[in-house]
Amino acid sequence: MGTPEALSSQVEEVLRAWVYPERKRLTQLLNAGPLTPLAVARALERLTEAAATTLRVDRASIWRIAPGGQQIECLGLFEQTKQVHSKGQVITQELAPAYFRALASEQVIVAHDARVDPRTMEFEKGYLTPLGITSMLDAPVFVGGRAVAVICHEHVGPARRWQAWEELVAGTFAEFVGMVLGARAEPALMQGGQLRSEEENLRALIDASPVPLVVTRASDHKVIFGNRRAL
């Protein structure tokens with residue numbers, strides 16, 4: 001993974017090039033008023049493009065988790081090599097029960113080799129091998145502290161070992177998706193209840209992180225929250 005200094009440099013480079021500008025665009029979009037279905041679709045397209053470019057993957061997609069968690073529906077898939085967008089695909093729990101159990105844990109799914117990872121190997125014959133996908137990095141999307149979707153990053157080529165900074169960036173893009181979906185589903189969250197909802201989402205994202213993370217207060221450095229790995 002490299003030295004802490006090298007990791008910090010990588011993260012800062014990604015933050016400046018992609019994360020900060022993307023957050024600014026989203027904030028401007030959300031402040032402009034209620035999102036129309038077309039605005040939501042365009043925002044999700046933009047996010048899948050940015051996620052694919054930032055994490056250097058061929059495919060980035062956003063899937064909505066149906067109530068009850070019995071199926072997921074693709075809200076947007078971007079294929080970087082073809083430069084095309086698509087949506088509408090549905091995957092049911094019966095097709096991939098292990099993957100759905102992993103989704104229900106509300107943790108980041110880090111599959112360095114998705115063809116043999118027990119959480120993703122069910123996709124090997126009908127999905128991974130035909131498309132040349134070898135590695136998957138899937139992060140839960142939270143709205144109101146509840147996982148409502150998942151953003152998937154799929155690598156085509158030799159199996160890839162995901163780095164810690166990539167897992168954190170994937171979680172950041174999941175947060176951005178949550179901002180868009182939250183604004184669409186519950187406009188009131190962007191007004192009086194916004195702070196509470198954002199705090200719930202932040203706690204959920206930190207808790208889902210694959211690395212130990214804590215939140216400290218700037219004024220006195222008091223620890224106010226830590227995820228399960230930190231504890």
Side-chain angles (χ1 to χ4, degrees), residues 1-23 26 47-63 78 80 98-99 101-121 123 128 133-142 145 147 149-179 198-199 201-216 218 221 223-231:
M1 187 171 66
T3 64
E5 292 77 11
L7 176 60
S8 176
S9 177
Q10 286 177 309
V11 173
E12 185 60 30
E13 181 180 346
V14 170
L15 289 175
R16 291 183 182 277
W18 294 101
V19 176
Y20 294 155
E22 202 60 46
R23 180 182 288 277
L26 275 178
L47 285 173
T48 53
E49 291 175 5
T53 303
T54 306
L55 291 172
R56 307 182 311 282
V57 296
D58 188 64
R59 299 162 59 89
S61 56
I62 298 163
W63 299 73
F78 176 64
Q80 187 155 220
Y99 180 77
R101 285 195 296 272
L103 281 184
S105 73
E106 299 187 346
Q107 299 294 304
V108 177
I109 298 174
V110 184
H112 305 296
D113 190 337
R115 299 163 298 183
V116 299
D117 190 293
R119 299 165 297 181
T120 56
M121 62 187 300
F123 297 121
L128 300 177
I133 298 168
T134 53
S135 305
M136 296 173 63
L137 177 60
D138 297 0
V141 174
F142 295 97
V150 57
I151 181 168
C152 305
H153 309 86
E154 298 169 336
H155 172 71
V156 173
R160 167 179 176 176
R161 186 159 193 85
W162 301 104
Q163 302 299 309
W165 71 267
E166 293 171 321
E167 298 172 33
L168 294 174
V169 169
T172 299
F173 276 105
E175 178 190 359
F176 293 166
V177 173
M179 291 168 62
E198 288 187 350
E199 181 179 350
N201 291 346
L202 178 61
R203 283 177 175 267
L205 282 166
I206 291 174
D207 212 29
S209 172
V211 296
L213 291 175
V214 296
V215 176
T216 60
H221 305 296
V223 174
I224 58 177
F225 180 71
N227 66 1
R228 279 173 277 186
R229 287 184 179 258
L231 294 176

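If you read the sequence from its start, that first residue is 1, and numbering goes on from there.
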- [ ] List in chain and number order the residues that pass side chain to side chain contact (heavy atoms under 4.5 Å, CB included) with Ala52, two or more places apart in sequence or in another chain; answer none if no residue qualifies.
- [x] Val57, Ala60, Phe78, Gln80

Open item on the list: For the CD1 atom of Ile151 and the CZ atom of Phe176, what is their distance to the nearest 0.5 Å?
Closed with: 10.0 Å

Task: Those residues that, when tested against Arg119, pass side chain to side chain contact (heavy atoms under 4.5 Å, CB included) (two or more places apart) - done: Ala102, Ile109, Asp117

Open item on the list: Restricting to side chain to side chain donor-acceptor pair (under 3.5 Å), what partner residues turn up for Arg56, sequence neighbours left out?
Closed with: Glu166

Open item on the list: If we ignore hydrogens and angles and just use 3.5 Å, is the side chain of Ser135 paired with the main-chain N or O of His112 as donor and acceptor?
Closed with: yes

Task: Over all atoms of both residues, closest heavy-atom pair of Ala50 and Phe173 - done: CB-CE2, 3.7 Å

TODO: For Ser61, enumerate each residue passing the side chain to side chain donor-acceptor pair (under 3.5 Å) test, keeping only those at least two apart in sequence or located in another chain.
DONE: Trp63

Open item on the list: Restricting to side chain to side chain contact (heavy atoms under 4.5 Å, CB included), what partner residues turn up for Ala149, sequence neighbours left out?
Closed with: Val141, Leu181

TODO: Taking all non-hydrogen atoms of both residues into account, name the closest pair between Phe142 and Ala147 and its distance.
DONE: CD2-N, 3.4 Å

Open item on the list: Distance check, rounded to the nearest 0.5 Å: Glu154 atom CD versus Leu137 atom CG?
Closed with: 10.5 Å

- [ ] Drop me the distance from Thr48's OG1 to His153's NE2, to the nearest 0.5 angstrom.
- [x] 9.5 Å

Task: Minimum heavy-atom distance Trp162-Val110, with the two atoms named - done: CD1-CG1, 3.8 Å

TODO: Not counting sequence neighbours, which residues clear side chain to side chain contact (heavy atoms under 4.5 Å, CB included) with Ala104? List them please.
DONE: none

Task: Approximate separation, where rounding is to 0.5 Å, of Leu47 CG and Met179 CE - done: 9.0 Å

- [ ] Using the side-chain contact (heavy atoms from CB on, under 4.5 Å) rule, pick out the option among Ile133, Val156, Thr134 that qualifies with Leu128.
- [x] Ile133

Task: Nearest non-hydrogen partners of Pro140 and Ala174, listed with the distance - done: O-CB, 3.2 Å

- [ ] Would you name the heavy atoms of Asp138 and Tyr99 that are closest together and state the gap between them?
- [x] OD2-OH, 2.6 Å

